[in-house]
Amino acid sequence: MDLSKLNPPQREAVVTLEGPLLVLAGAGSGKTRVITHRIVHLLNERPGLIMARNILAVTFTNKAATEMKERLVHMAGPRAQGVLVCTFHAFGAEMLREDIHRLGWPRKFAIADMGDQLANIRRAMREHKIDDRAFDARKVLTLISKAKNSGKAPEPKPEGIGDDYDLITHLVYPDYQLSLKAQGSVDFDDLLLLPARLLREHPDLYEKYTRRFRYLLVDEFQDTNTAQLELLKLLAGRSRNVCAVGDDDQCIYSWRGAEVRNILDFDRLFPGGKEVRLEQNYRSVQTVLDAANAVIAKNPERKAKQMWTDRKGGTKVKVVTCPNDEEEARFVAHEIQKHMALGISADDIAVLYRTNGQSRPIEEMLREKNIGYEVVGGSEFFDRREVKDVIAYFKVIVNKLDEISLLRIVNVPSRGIGDVTMERLSVHARGEGVTLWTVMKKAADYEDLPPGAGARVLDFVEMVERYRAAYEHGQLANVTRKLLEEIGFREATRAHATSATAADKKLKGVDGVLNSLENFEKREGPKASLLTYLNRLSLDTRQEEEEVPGANRRVTLMTVHASKGLEYRLVFFIGMEEDLMPHGGMQGEAQNLEEERRLCYVGITRAKEVLYLTRAATRVKRGKEVPRTPSRFLEDLPPEVIEVMDMDAPREGPPTTEEKNFFANLKERFKKPAVPGGPPGGAGPAGGAAR
DNA sequence: TCACAATGTATTTTT
DNA sequence: TACATTGTGA
C-alpha cells in the first residue's frame, strides 16, 4: 500500500496504531480513505500478530458498513473478510445473539421495531388509565429512549415534577421494559445497553470480547450517544486502541441522543491519546467551501478547524427563488435536464431536502420529464399495511410471546376471531398468569367466548404451529407463499382495496416481501432463518436494491441526514426557507438552531462542483398555499460567492443570453471530470441574476 | 363481526 | 391534501 499518496496528517492517522487517537476530519477531508488505509496498514504492519478478526470498525449506517467492507476487500484482498465492519447496533445484536441468555432473555430474542415499541407504550399507557390518543406515544418513546441512553434505570416516580410527558414517561417506562422482556424482545437502545451490561457484569465475557477486538475504529464519532460511548469504553479494554473519526460540525443526530461532547471531550474520555486534524478539503471547489464555512462559522463551541481547498474558483453558488414548490420542482428538473445534456451523469446529481415530504413534487416532475431517480430512505415500504401484516405473521411464527404481532394478525384476513374473543382470552391469560398463546391453545375450554370462536382460535393456533415447523427447513420464500395462499391473503387484500390499481399496489408490497426473502436466502445461504431475517430487517431497513439493468444511473433524492458522508458533482438543496431549513420543530418550542446550522453545513458540503440553494416564495401546506420566508442561513452566505436568481415569472421561451453564457461556462468546466487541483479559477458566469 | 362512510388530524431527521 | 381512525348499520 502506498502511504505517500496521503497528506501528512492523514499519514499520521494511518500509522498511529496504538493508544487512543482522535481524527478530526472536516467535510471532504478524505476520512474514509484514512480509515480504510489504517485498517489495511494494521493488517500489513503486524502480520500474524494482528489478525483481521481482531479489528472492529463501527460505522453509522449499514450502507456505510457495506461500502467500507467492499473497499477493504478490494484493497487488501480476501484476508480483509475477517474484519468486522458494522453499526454499533448490529454489533450489539451480534453480541447478544451469543450471550443474551446470561441476562435472562431467551436465546432467540427478537428486536422490537418502532411499531412494536409504540404498541407497547400505548398498552402501558392504557393500563395507567392514560388516554393514548390525547398523548403522543412517540413523544413518550423519545423520552424513554433518552432516559435509557443517558444511563438512567427505570424510575418509578419523578421528584421534580416536570410536565405531563415526564410524568407519563416515568409511569410507563418500567412497564414498557417489563413487557418487552416478557415478549422476549429488546429495543434499539437495548442493543447497546445490554452488551455493555454483559461486559460490565461478566468478567469472562469482558475477557472474551476485549481479547478478540483489540483494534477499534469508530466512524462518525460526533454522532455517538452515551450508550455507544459506554460500550466503546468497555470494549476498548486495557489497551485502549480506539481510533475515533469525526467532525463536530457534522453532528446532526443530537435529537437521537448524539453527544457532541463525546468528540469535544475525547482527550478526557481517553486520556493520553493523540489528536490529528484533517483540514484540507479535497471535495469542493472554493465557492462551495466558502459558502459552507460562512454558514458554520456562526456556531459557537466548535473545535476550530480551518478547512481549505486548492480547487480555487468554481461556479458561484446559485441562490434561487421560485414562486411556489411546484415551480421549484420544475426548476430543479429543468436544470437537471440541462446539466445532463451537458454530459453530467445522473448519478453525479443529488437533490437534498430537510423533510421526506419534500420529495413528492420533485418526484412527480422528474417522472414527468422522464429523468430516472432514486429516493433514498424514507422508503415507506416496510410501513405499508400489508407488508407489516406479513412481517407480523413472521414474528408470531418465530416468537409466540410476541402478543403485539399476534393481536395484529389473529384476525387478518378476517377469520372470525374478533376483539371480543381476544379480549376475553387476554383476561383469562392474565387471571391464570400465563401467556396469551398458552390460553389460545386451550381456547375450547372457555365457556365465555362467542359461539364457534374457540374452534376458530384452535384452527389458527394449529396453523401457526404447522408453519413454525415448516419454516425450520429453510425455503423461506416458498413456505411464505404457501402460507399466504392458505390464509387467502392476496384475495383478502384485493377485496379490501378500493380500486384495482390500489390492489395491485398492495399486492406489490407482498411481492416485495417475497422478493426480499428470496434475496436474503440467496445471500445468506443455508444459515438463513426467519429469525435472522427479522433481525436483519429491524437493523437495516434499506430496501433491496432493485436490479434493473441499465436503469442504475439515476438522480438521487434524499434528506440531508441521509446524505451525510456522500458527495455529488451537482447538488440541489431545496426548501431553503424558515421553518424548513432551519426546521420549525413541533409547535414552535425548542428548535435546535445550532444543529440546524450544522445540517445546512452538511448539505452544502455534499457538493463538489455546482450547488443550487432553492426556495419557494409560497408552498402548499395542508392543502393551503402559505407564504414563506427565506432561510436565515442564506443571509450568511458571502455575496461574492453567490449568484441570486429569481424565477418569479416562469418562462418557457428560449434561453436568455445570460443563460447561454452561464451554460457555456458550465460546459467548459465539465468537459473533463474534475481535475484534482481544480479547473482554472474565476470560471463563474458572467453577469448576475437572471432577472 | 364486518364493511363502509364520515370525520377529524397530522407534519423532522433514523439505528 | 391524504390518511387513519371512529362510528354506524347490516
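All figures in this text were calculated on a predicted structure; none of them were measured in a lab. We name chains A, B, ... by the order of the sequence lines, and we start the count at 1 in each one. The figures that follow rest on heavy atoms only: side chains count, while hydrogens, waters and symmetry mates do not.
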Looking only at side-chain N and O atoms, does [X] come under 4.0 Å of OP1 or OP2 in [N]?
X        : N      : answer
A/Thr421 : B/dT1  : yes
A/Asn356 : B/dT14 : yes
A/Thr355 : B/dT11 : no
A/Asn592 : B/dT12 : no
A/Arg138 : B/dT11 : yes
A/Thr61  : B/dT14 : no

Roughly, in whole Å, what's the span from [atom1] in [X] to [atom2] in [N]?
X        : N      : atom1 : atom2 : answer
A/Glu94  : B/dT15 : CD    : P     : 18 Å
A/Arg536 : B/dT15 : CZ    : C1'   : 14 Å
A/Lys624 : B/dT9  : NZ    : C1'   : 14 Å
A/Lys63  : B/dT14 : NZ    : P     : 12 Å
A/Arg354 : B/dT13 : CZ    : C1'   : 5 Å
A/Asp219 : B/dT15 : CG    : P     : 15 Å
A/Ile574 : B/dT12 : CD1   : C1'   : 14 Å
A/Leu192 : B/dT15 : CG    : P     : 13 Å

Looking at every strand, decide which applies to [X] at a 4.0 Å heavy-atom threshold: base, sugar-phosphate, or nothing.
X        : answer
A/Gly416 : sugar-phosphate
A/Val420 : sugar-phosphate
A/Asn411 : sugar-phosphate
A/Phe88  : nothing

Exercise for review: For A/Ala453 and for A/Ile252, locate the closest nucleotide of DNA chain B by heavy-atom distance; then report the residue assigned to the nucleotide nearer the 5' terminus.
Suggested key: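 By nearest-heavy-atom nucleotide position, the 5'-most residue is A/Ala453.
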**Study point:** A/Phe60 vs A/Arg415, nearer the 5' end of DNA chain B by closest nucleotide
**Key:**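 It is A/Arg415 whose nearest nucleotide is closer to the 5' end.
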Practice item. Would you please name every residue forming a ring pair (Phe, Tyr, Trp, His ring centres under 6.0 Å) with A/Tyr601, sequence neighbours left out? Key: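 Applying ring pair (Phe, Tyr, Trp, His ring centres under 6.0 Å) to A/Tyr601 gives none.
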Point to revise | Partner of A/Ser179 by side chain to side chain contact (heavy atoms under 4.5 Å, CB included), out of A/Glu403, A/Arg123, A/Glu127 | key: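 So, applying the side chain to side chain contact (heavy atoms under 4.5 Å, CB included) to A/Ser179 and each of A/Glu403, A/Arg123, A/Glu127, only A/Arg123 qualifies.
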Review point. What distance, rounded to whole Å, do you find between the two C1' atoms, one in C/dA4 and one in B/dT13?
Key: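 So the two C1' atoms sit 23 Å from each other.
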Practice item. Sticking with atom C1', work out how far B/dT14 lies from C/dC3, rounded to a whole angstrom. Key: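 Per the computed distance, 22 Å lies between those C1' atoms.
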Review point. Yes or no on ring pair (Phe, Tyr, Trp, His ring centres under 6.0 Å) for A/Phe91 and A/Phe213, after CA distance, side-chain angles and deciding distance?
Key: CA-CA 12 Å; A/Phe91 174 74; A/Phe213 298 108; 5.4 Å; yes
Review point. side-chain hydrogen bond (donor to acceptor under 3.5 Å, both in side chains) between A/Tyr253 and A/Gln222: does it pass, once the steps are laid out?
Key: CA-CA 9 Å; A/Tyr253 284 90; A/Gln222 75 280 357; over 6 Å; no
Check your understanding: Where does the chain A footprint on DNA chain C start and end, counting 5' to 3' with a 4.0 Å heavy-atom cut-off?
Key ->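 Span of nucleotides near chain A: C/dT1 to C/dT6.
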Point to revise | Per A/Tyr253 side chain, nearest of listed nucleotides B/dT14, B/dA3, B/dT15 | key: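 For A/Tyr253, the side-chain atoms sit closest to B/dT14.
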Practice item. From the options B/dT1, B/dT15, B/dT14, select the nucleotide whose nearest atom is closest to the side chain of A/Trp255. Key: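 For the A/Trp255 side chain, the nearest candidate turns out to be B/dT14.
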Exercise for review: Pull out every residue in residues 108-121 of chain A that has a heavy atom closer than 4.0 Å to any atom of DNA chain B, ordered by number, or say none.
Suggested key: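 The answer is none.
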Check for a donor-acceptor pair, side chain of [X] on one end and backbone N or O of [Y] on the other, with a separation under 3.5 Å.
X        : Y        : value
A/Glu596 : A/His583 : yes
A/Asn299 : A/Glu594 : yes
A/Arg302 : A/Asp248 : no

Practice item. Could you list the residues that satisfy side-chain contact (heavy atoms from CB on, under 4.5 Å) with A/Ala65, not counting sequence neighbours? Key: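 Applying side-chain contact (heavy atoms from CB on, under 4.5 Å) to A/Ala65 gives A/Thr59, A/Val85.
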**Study point:** Results of side-chain contact (heavy atoms from CB on, under 4.5 Å) for A/Pro361 - residues two or more places apart only
**Key:**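 By the side-chain contact (heavy atoms from CB on, under 4.5 Å) rule, A/Pro361 matches A/Ala329.
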Review point. Can you name the residues that form a side chain to side chain donor-acceptor pair (under 3.5 Å) with A/Arg97, not counting sequence neighbours?
Key: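 Once residues adjacent in sequence are excluded, the partners of A/Arg97 under the side chain to side chain donor-acceptor pair (under 3.5 Å) criterion are A/Glu94.
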Exercise for review: Would you please determine if the base of B/dT12 is stacked by A/His583, with stacking meaning a centroid separation under 5.5 angstrom and planes under 30 degrees?
Suggested key: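 The ring of A/His583 is stacked on B/dT12.
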Check your understanding: Any Lys/Arg nitrogen of A/Arg415 or A/Asp459 sitting under 4.0 Å from an Asp/Glu carboxylate oxygen of the other?
Key ->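 Salt bridge between A/Arg415 and A/Asp459, a charged N being under 4.0 Å from a carboxylate O: no.
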